[in-house]
Amino acid sequence: MDMGLRWYGPGYDSVSLEQIRQIPGVKGVITTLYGKQPGELWERSEIHALKETAKQEGLRVLGIESVNVSDAIKTGGSKRDEHLQNYIQTLENLAEEGIFLVCYNFMPVFDWTRSELARVRPDGSTVLAYHQAVIDRIDPKRMRESIEEMSDGFVMPGWEPERLDRLEELFSLYREIDGETLFKNLVYFLKAIGPVCERYGIRMGLHPDDPAWPIFGLPRIITGKESILRILKAVDRPYNGLTFCTGSLGSNPDNDLTDIIRACRGRIPFAHVRNLKYNSPGDFEEAAHLSSDGSLDMYEIMKALYETGFDGVIRPDHGRMIWGEKAMPGYGLYDRALGAVYLEGLWEALEKAGKSG
Ligand code: DNO
């Protein structure tokens, strides 16, 4: 298992590589080429430069989150094949640079969604939160205003202004796309990238939908055990894997996280491990990683990963904003560092118990 921290790159992240390097046990970063539009080709020289930046600080690029999939690929639009060629070439360029883990999602229009970016918890920390009634009142096409107001000037992954400017157009692209069509387009994508993934040993980690149910009338297709197994079986090859995101799947209390991990044995190359707290149906808030601070049992989750032979990358996920830090919501340094070390502690205990038992 390699522990990594997500890093947005120079100019995009308030957290530095030097700070990341000082978190015990963190071997590298999960990063991306920010500024690249979905569908665009990533040149090998650009990937190399990214890798060198990390290397100069003694860190590896453990994986990419994300090489985003374009709307043409998701909807089967006219530019699908051109974008697929670029995606395939990008994967090859990444592999040539020694990067073999790629996370992506297949959510229409919106990536992860929250209704609040700074809900105050009893200890004064602030967290991302979701309240269905608030989401139901939002006009999704005016999301730009809501996000700008909420995010304190930080640009968040999946919520880039270029995207928010095109919401009207994006909604119309998905007008005819139901869950089944989206699923078929995902299979088409996975089959198309199969040869390059198999040639280089690339592991793709499909990120579940967050929250794990349809929102704003848009379909969402990776929401729980059944839908995950369906896609893993539709393209039943090791390269077709899952990014096991506890916070996304855990947004639905009906999802049994450890059961999903066991059902996906061998197909989880990447895990986002974090906690959240359910307040009432449709209302949850993120919490510290520690089990007792939220509703998820981190020990059981790490144990299921350990027992199924997980050998990929784990990163702590959204952290609380604590100690006066000002950073991108969910992606400050302090609480994610606490999370990383806590998860490493659980892993160390599991490994030692495993060896002695
Ligand atoms: C949010 C993240 C997502 C994730 C993408 C993967 O914090 O978990 O933005 O990176 O959905 O493609």
Side-chain angles (χ1 to χ4, degrees), residues 4-9 12-13 15 29-34 36-39 42 62-71 73-74 87 90-91 94 101-118 127-130 143 147 150-151 154-160 163-164 182 186 189-190 193 203-213 215 218 220-223 228 231 240-251 268-276 284-287 289 312-321 327-332 335-336 339:
L5 210 79
R6 191 174 193 181
W7 181 68
Y8 290 99
Y12 289 95
D13 207 319
V15 179
V29 288
I30 295 291
T31 186
T32 189
L33 282 181
Y34 259 84
K36 278 283 177 197
Q37 296 307 308
W42 295 24
L62 296 172
I64 299 296
E65 180 172 349
S66 306
V67 180
N68 280 318
V69 177
S70 71
D71 295 299
I73 296 178
K74 290 180 184 171
Y87 206 100
T90 297
L91 291 177
L94 286 166
L101 172 65
V102 174
C103 173
Y104 70 103
N105 72 75
F106 228 73
M107 287 178 250
V109 186
F110 297 110
D111 192 326
W112 59 304
T113 302
R114 294 289 177 273
S115 58
E116 286 155 75
L117 299 178
V127 291
L128 304 167
Y130 185 93
M143 207 63 174
I147 288 290
M150 291 196 287
S151 61
F154 286 97
V155 172
M156 299 190 303
W159 292 96
E160 296 79 11
R163 208 170 163 73
L164 296 175
L182 197 60
L186 173 55
F189 164 75
L190 283 167
I193 61 170
R203 300 178 81 186
M204 299 296 297
L206 172 58
H207 192 283
D209 303 340
D210 186 355
W213 55 79
I215 52 164
L218 296 161
R220 292 197 149 198
I221 54 171
I222 308 297
T223 53
I228 289 169
I231 193 62
N240 174 24
L242 174 72
T243 294
F244 189 84
C245 178
T246 61
S248 306
L249 290 168
S251 61
I268 303 179
F270 187 27
H272 294 171
V273 185
R274 72 173 146 92
N275 205 350
L276 55 79
F284 63 84
E285 62 197 37
E286 298 184 353
H289 285 69
V313 177
I314 294 186
R315 69 165 178 81
D317 205 358
H318 304 165
R320 303 163 304 151
M321 223 39 86
M328 182 193 299
Y331 287 101
D335 202 40
R336 286 189 304 148

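One-based numbering, in listed order, for ligands and for the atoms of each. Both backbone and side-chain heavy atoms feed into the values below; hydrogens, waters and symmetry mates do not.
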Within ligand 1, which atoms have a heavy atom of H207 less than 4.0 Å away? 4 (C), 6 (C), 8 (O), 11 (O)
Which of the atoms of ligand 1 are close to R6, meaning less than 4.0 Å from one of its heavy atoms? 1 (C), 2 (C), 7 (O), 10 (O)
C103 near ligand 1 by a heavy-atom separation under 4.0 Å: yes
Number the atoms of ligand 1 from 1 as they appear, then name those within less than 4.0 Å of a heavy atom of N105, with their elements. 5 (C), 6 (C), 11 (O), 12 (O)
Is the closest basic N to carboxylate O distance between D317 and R274 below 4.0 Å? yes
No-hydrogen, no-angle side-chain donor-acceptor test under 3.5 Å, R6 and Y331: yes
Under a 4.0 Å N-O cut-off, is there an ion pair linking R320 with E286? no
Between D13 and R336, does at least one N-O distance fall below 4.0 Å, as a salt bridge requires? no
Can you find an N/O atom of Y331 closer than 3.5 Å to an N/O atom of ligand 1? yes
For M107, the ligand 1 atoms with a heavy-atom partner under 4.0 Å come out as 11 (O)
Kindly identify the option in D111, N68, T32 whose heavy atom sits closest to atom 11 (O) of ligand 1. D111
Those residues that, when tested against N68, pass side chain to side chain contact (heavy atoms under 4.5 Å, CB included) (two or more places apart): P38, S66, N105
What residues, two or more places apart in sequence or in another chain, satisfy salt bridge (Lys or Arg N to Asp or Glu O under 4.0 Å) together with R203? D311
Checking heavy-atom distances from atom 1 (C) of ligand 1 to each of H318, R315, H272, the winner is H318
